[in-house]
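One structure follows; several queries about it will come next.
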Amino acid sequence: MMALSGILIAAIGAADYLTGYHLSFGLFYVAPVFLLSWYGSRTVGILGATLCAITWLFANSYTAPPEIDSVILAWNTVIRFGFFVIIAFLLASLRAAYARETALARTDALTGLTNSRAFRESAAQELLRARRASYPLTMLYLDLDNFKRLNDRFGHAAGDEMLREFAKALRGAVRATDLVGRIGGDEFVVLLPNTTELQGEVVIAKIRYVLQQSPRFVQHGISASIGAVTAIDPPSTIDDFIASADASMYEMKRAGEGARAQVLPEALE
C-alpha cells in the first residue's frame with residue numbers, strides 16, 4: 001500500500017506539473033492520503049499528507065506565472081497541507097473506531113472471549129481446514145457447577161467476577177491456536193484443532209487441575225462439567241458438533257463423573 005500510494009502521489013504531481021498552474025489536481029491527492037490513513041495509521045497518513053503538500057508545492061512553483069508571489073504559493077501550500085492532514089486524521093480515527101466496533105461485535109463483553117457468533121464462524125473455518133487436511137477435531141463443552149448457588153448467595157457481581165476468572169483460567173489452560181468462546185450464561189466451548197481423544201483428555205485434566213489449584217474456585221465449590229467429542233472425520237456442521245459436545249456434557253453432569261472424550265467415527269452424521 002505504501003508503494004501504491006507513492007506511485008499515485010508521483011503520478012498526480014507529474015500531471016499537476018504537466019498541465020500547468022491553472023489546472024489543479026489538488027483533489028486527487030486525497031486518494032493516496034486515504035490509502036495511507038485507512039490501511040496504515042494516523043502517523044503514516046499525516047506523513048502522506050505532508051508528502052502530498054510538498055509534491056503540490058514543487059509542481060506548482062515551477063509552473064506558476066511570474067505574477068504569483070511566493071508568499072501566495074506558501075499560503076496555498078499550508079492550506080492544502082492542513083486540508084490533507086484533516087482528511088488523514090478523520091480517516092484514521094474512523095478506521096480505529098471501525099476496528100473497535102468490529103472487535104466488540106465478536107467479543108463477549110464480560111469475559112473477553114469470543115462470543116457465540118464469532119466462535120461459530122471461526123470454528124466453521126477450522127472445520128473446513130480439518131476436512132481438507134484430514135486431521136481430527138475435539139470439541140469441549142463446559143458448564144460451571146454450583147454457579148447458580150454462588151449467584152444466589154453473593155449476587156451477580158460476584159458471579160460475573162467468577163466468570164471472568166474462569167475465562168482467564170480456561171484461556172490459560174489451552175493452546176494459543178485453540179478456539180475458546182462463551183456461548184451463554186456459564187457455558188463455554190473450546191475447539192481443539194488436530195487433537196485426538198487422548199490429547200483431548202489431557203486438556204480436560206489440565207483444566208480441572210487449574211480449577212482445583214484456585215482457592216477461589218475451591219472456596220465456592222465451583223467446578224466444571226465437561227463434555228468432549230472427538231471427530232475422526234470433520235462433522236457436517238459446527239452446530240451439530242457443538243450439540244454433540246453439549247449432550248456429552250449433560251451426560252457427565254447427570255452421572256457426576258469426570259468428562260471422557262467420545263470418538264465419532266462418522267462425521268456426526
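Just so it is clear, the structure is predicted and the values come from calculations on it, not from any experiment.
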Determine whether Y135 and R129 make a side-chain contact, defined as any pair of heavy atoms from C-beta on separated by less than 4.5 Å.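 With C-beta onward as the side chain, the pair touches.
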Any luck finding a side-chain donor-acceptor pair between D145 and S223 under 3.5 Å?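 D145 vs S223: donor-acceptor pair found between side chains.
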Is the shortest side-chain heavy-atom distance between V180 and T114 below 4.5 Å?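 When only atoms from C-beta onward are counted, T114 and V180 do not touch, as no gap falls below 4.5 Å.
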With a 3.5 Å cut-off and sequence neighbours excluded, list the donor-acceptor pairs that the side chains of residues 159-169 form with protein atoms.
residue: E161; atom: OE1; partner: R164; partner atom: NE; Å: 3.4
residue: E161; atom: OE1; partner: R164; partner atom: NH2; Å: 3.0
residue: E165; atom: OE2; partner: R216; partner atom: NE; Å: 3.0

Starting at OH of Y141, measure out to CG of D246 and round the result to the nearest 0.5 Å.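 It is 4.0 Å, given to the nearest 0.5 Å.
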To the closest 0.5 Å, what do you measure between CE (M249) and OG (S225)?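 So the CE of M249 and the OG of S225 are separated by 7.0 Å.
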Between I87 and F34, is there a shared hydrophobic cluster once you connect ILVMFWY residues whose side-chain heavy atoms come closer than 4.5 Å?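 Cluster IDs for I87 and F34 match.
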Which atoms form the tightest heavy-atom contact between R106 and S122, and what is the distance?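 Reported closest heavy-atom pair: NH2-OG, 3.2 Å.
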As a quick check of understanding, evaluate side-chain contact (heavy atoms from CB on, under 4.5 Å) for L8 and L35, giving each step before the final call. CA-CA 10 Å; L8 281 176; L35 292 175; 3.7 Å; yes
Over all heavy atoms of both residues, which pair between A173 and K206 is shortest? Give the atoms and the distance, please.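 Closest approach of A173 to K206, heavy atoms only: O-CD, 3.2 Å.
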Output every pair passing ring pair (Phe, Tyr, Trp, His ring centres under 6.0 Å) with a member in residues 87-124, not counting sequence neighbours, ordered by first then second residue.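 Pairs touching residues 87-124 that pass the test: none.
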Same cluster for F28 and F84 if Ile/Leu/Val/Met/Phe/Trp/Tyr side chains link at under 4.5 Å?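 Cluster IDs for F28 and F84 match.
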Do H220 and N146 have side chains that approach each other closer than 4.5 Å (heavy atoms only, starting at C-beta)?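 Not in contact.
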Looking only at heavy atoms, what is the nearest atom pair of A228 and L140, with distance?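 Nearest heavy atoms, A228 then L140: CB-CD2, 3.5 Å.
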Rounded at 0.5 Å granularity, tell me how far OG1 in T237 sits from CG in L127.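 Rounded to the nearest 0.5 Å, the OG1-CG separation comes to 8.0 Å.
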Report yes or no: do V174 and I226 belong to one cluster of Ile/Leu/Val/Met/Phe/Trp/Tyr joined by side chain heavy-atom distances under 4.5 Å?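 Per the 4.5 Å side-chain linkage, V174 and I226 are co-clustered.
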Atom pair CD1/OG1 of I232 and T138 - distance to nearest 0.5 Å: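 It is 8.0 Å, given to the nearest 0.5 Å.
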Hydrophobic cluster membership, with links at side-chain heavy-atom distances under 4.5 Å among I/L/V/M/F/W/Y: are V44 and L90 in one?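 Different clusters: V44 never reaches L90 through Ile, Leu, Val, Met, Phe, Trp or Tyr contacts under 4.5 Å.
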Heavy-atom side-chain contact between L170 and I207 under 4.5 Å: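 Heavy-atom side-chain distance check passes, below 4.5 Å.
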May I ask you to test the Q199-P136 pair for a side-chain heavy-atom distance under 4.5 Å?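 No, every pair of side-chain atoms sits at 4.5 Å or beyond.
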Under the side-chain contact (heavy atoms from CB on, under 4.5 Å) criterion, do V218 and Q213 qualify, and how do the steps go? CA-CA 8 Å; V218 173; Q213 294 303 304; over 6 Å; no
So which heavy atom on R208 is nearest to which on A224, and how close?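 The answer is NH1-O, 3.0 Å.
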I would like to know whether F83 and V30 meet side-chain contact (heavy atoms from CB on, under 4.5 Å); could you show each step before the answer? CA-CA 9 Å; F83 172 73; V30 173; 3.7 Å; yes
Where R182 and T111 come nearest, the two heavy atoms and their spacing: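 Closest approach of R182 to T111: CD-CG2, 3.9 Å.
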Please name the pair of heavy atoms, one in S248 and one in G227, separated by the smallest distance, quoted to 0.1 Å.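 Result for this residue pair: OG-CA, 3.5 Å.
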Side chain R80, main chain L57, donor-acceptor under 3.5 Å: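 Absent.
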Starting from the C-alpha separation in whole Å, work towards a yes-or-no answer on side-chain contact (heavy atoms from CB on, under 4.5 Å) for K148 and D186. CA-CA 9 Å; K148 185 179 184 302; D186 59 339; over 6 Å; no
Nearest 0.5 Å, what's the CZ-CG distance between R120 and L179?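 So the gap between those two atoms works out to 13.0 Å.
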Hydrophobic cluster membership, with links at side-chain heavy-atom distances under 4.5 Å among I/L/V/M/F/W/Y: are L211 and I222 in one?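 Both belong to a single hydrophobic cluster.
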Pairs under 3.5 angstrom only: tabulate donor-acceptor contacts from the side chains of residues 45-55 to other protein residues two or more places apart or in another chain.
residue: T50; atom: OG1; partner: I46; partner atom: O; Å: 2.9
residue: T55; atom: OG1; partner: L51; partner atom: O; Å: 2.7

Measure the spacing between CG of L36 and OG1 of T43 and express it to the nearest 0.5 Å.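 The OG1 atom of T43 is 12.0 Å from CG of L36, to the nearest 0.5 Å.
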Do N151 and H156 make a side-chain contact, defined as non-hydrogen atoms from C-beta onward lying under 4.5 Å apart?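 The answer is yes; the side chains approach within 4.5 Å.
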